[in-house]
Amino acid sequence: MPATIIMGGQWGDEGKGKLTDALAGTADLVVRANGGSNAGHTVQTDQGTFKLRLIPSGILNPDCRSVIGAGVVIDLATLVSELRELNARGVDTSRMVISDRAHLVLPYHQRLDRLEELRREGDEIGTTLNGNGPAYADKASRHGLRVCDLTRPDLLRRKLATELDSRNQLLVRLFNDPPIEFEPLYRDLLDWGEQIGPMIAPAEVLVQDALAAGANVIVECAQGAMLDIDYGTYPYVTSSSPTAAGACQGSGVAPSQVSRVLGVYKAYSTRVGGGPMPAELNDATGETIRRRGKEWGVNTGRPRRTGWFDAVAARQTSRLNGVSEVALTLVDVLDVFPRINVCTGYRAGQSILSHVPALLDTLDDASPIWEHLPGWEADTTAARAFADLPRAVHRYVEAIEARLGAPVRYIGVGPARDQLIDRTVS
Ligand code: GDP
Ligand code: IMO
Ligand code: MG
């Protein structure tokens, strides 16, 4: 059985965790493909709410094996504490697998993330300050330390000494910041390495063996395709590829083994951090969306910027990622509006754009072109079948399908596990 990719189609926080948990119920393996502790994936079960950062959102399904793929960058302190918290809540993590090829996020990456943001002075990316950018930069420039290095203390010592020396020079000379001590860090790494030791394995081999045996494999992305380093709003992006292509690369699944790409989209837009967002609402409507959708960051607590659904950005990510099915989440957040808008183009000077341009200045004075749709002003949270939803929701879903060129299969009407409509079942 081929693989399913679950990816975010906007700027992250679309509900990937909830969809991954839902599909993991019938899956054998969930592989997280990219990002690191910058992610925050919420899963709500009858045991409560879980906020996962590095651990795949399949972990709450006991029959499904969870794998951290090679494309993830791992901050070991966060991973170890996440494992501990899950164990304390009775979740079995003993069968988890961590790719020996995954790169490590080290304390100097986190420090540099913060210092580089400070240096941008007023033009910050608005990163989560988890060190992801500097860790991926080290990976690309071949200065990274990997999970496999933890299994060889002598090798680890040598590599860490070399890398820490050059990062300390940067910290001290360029940023006027204190250096990081070698011994305590080395000891921490050995300690964390020992704790995750039994989970370290060649994950791509496991994934390929599973696919060959006909297993149902899910690849879970972090972030969203508008934060992609190539096709997002660079430089206001993350440092990995939260795309269908990135999902393959980061998980060890070949493109020809993918049977479906599930694009998760919110029924409106949110974004955390800097960068253009033409459909943003800096008014009472935006505030209502924030309050109803509880739009504050899972990790950072930052208020998320809110706006109407941006069909320009969404159509772009749907096309570039070959989205074959859509999950439209948080539809219930729109329950109170008499009218709902969808951004169908950007008016920039004399021209109308139907794609997100590379040069972001083009968007400085851009204004959204709205399509107006009727609201439903009804509570959708108890709906469990498409037929239970008001006619205006059907119209909204159809409008989104037309823009994305893909069918909306799942509809989210609340954060709980059962607040998800699967149109092929109902
Ligand atoms: P992720 O990063 O894509 O996994 O998404 P987050 O977990 O960061 O953010 C999504 C938020 O919306 C979480 O608080 C979820 O519990 C919540 N959520 C997911 N689906 C729905 C839905 O259909 N309705 C409502 N009201 N909340 C939802
Ligand atoms: P999940 O997986 C929303 C954003 C940050 C910032 C930019 C770069 O929960 O959807 P980084 O720390 O990656 O260098 O920050 O990307 N960002 C996210 N926004 N959800 C996420 O993850 C995000 N991960 C990173 O806010 O704008
Ligand atoms: Mg999130």
Problem - Contacts of Phe337 that satisfy ring-ring contact (aromatic ring centres under 6.0 Å, His included) - sequence neighbours left out - result: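 Residues passing ring-ring contact (aromatic ring centres under 6.0 Å, His included) with Phe337: Trp308.
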
Report the residues that fulfil salt bridge (Lys or Arg N to Asp or Glu O under 4.0 Å) with [X], sequence neighbours left out, ordered by chain and then residue number.
X	value
Arg290	Glu287
Arg167	Asp138, Glu163
Arg417	Asp21

What I want to find out is whether [X] reaches [Y] closely enough, with some N-O distance under 4.0 Å, to be called a salt bridge.
X	Y	answer
Glu325	Arg409	yes
Arg32	Glu220	no
Arg403	Glu371	yes
Lys266	Glu295	yes
Asp28	Arg65	no

Practice task
Can you sort out the partners of Lys51 under side-chain contact (heavy atoms from CB on, under 4.5 Å), two or more places apart, ordered by chain and number?
Solution key: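 Result, side-chain contact (heavy atoms from CB on, under 4.5 Å) vs Lys51: Thr42, Thr49, Val298.
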
Problem - Those residues that, when tested against Arg101, pass side-chain contact (heavy atoms from CB on, under 4.5 Å) (two or more places apart) - result: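 side-chain contact (heavy atoms from CB on, under 4.5 Å) check on Arg101 returns Ala70, Ser99, Arg146, Glu204.
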
Handout entry: Aromatic Tyr410 / basic Arg423 pairing, under 6.0 angstrom, 45° off normal
Key =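 Pair Arg423/Tyr410 does not count as cation-pi.
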
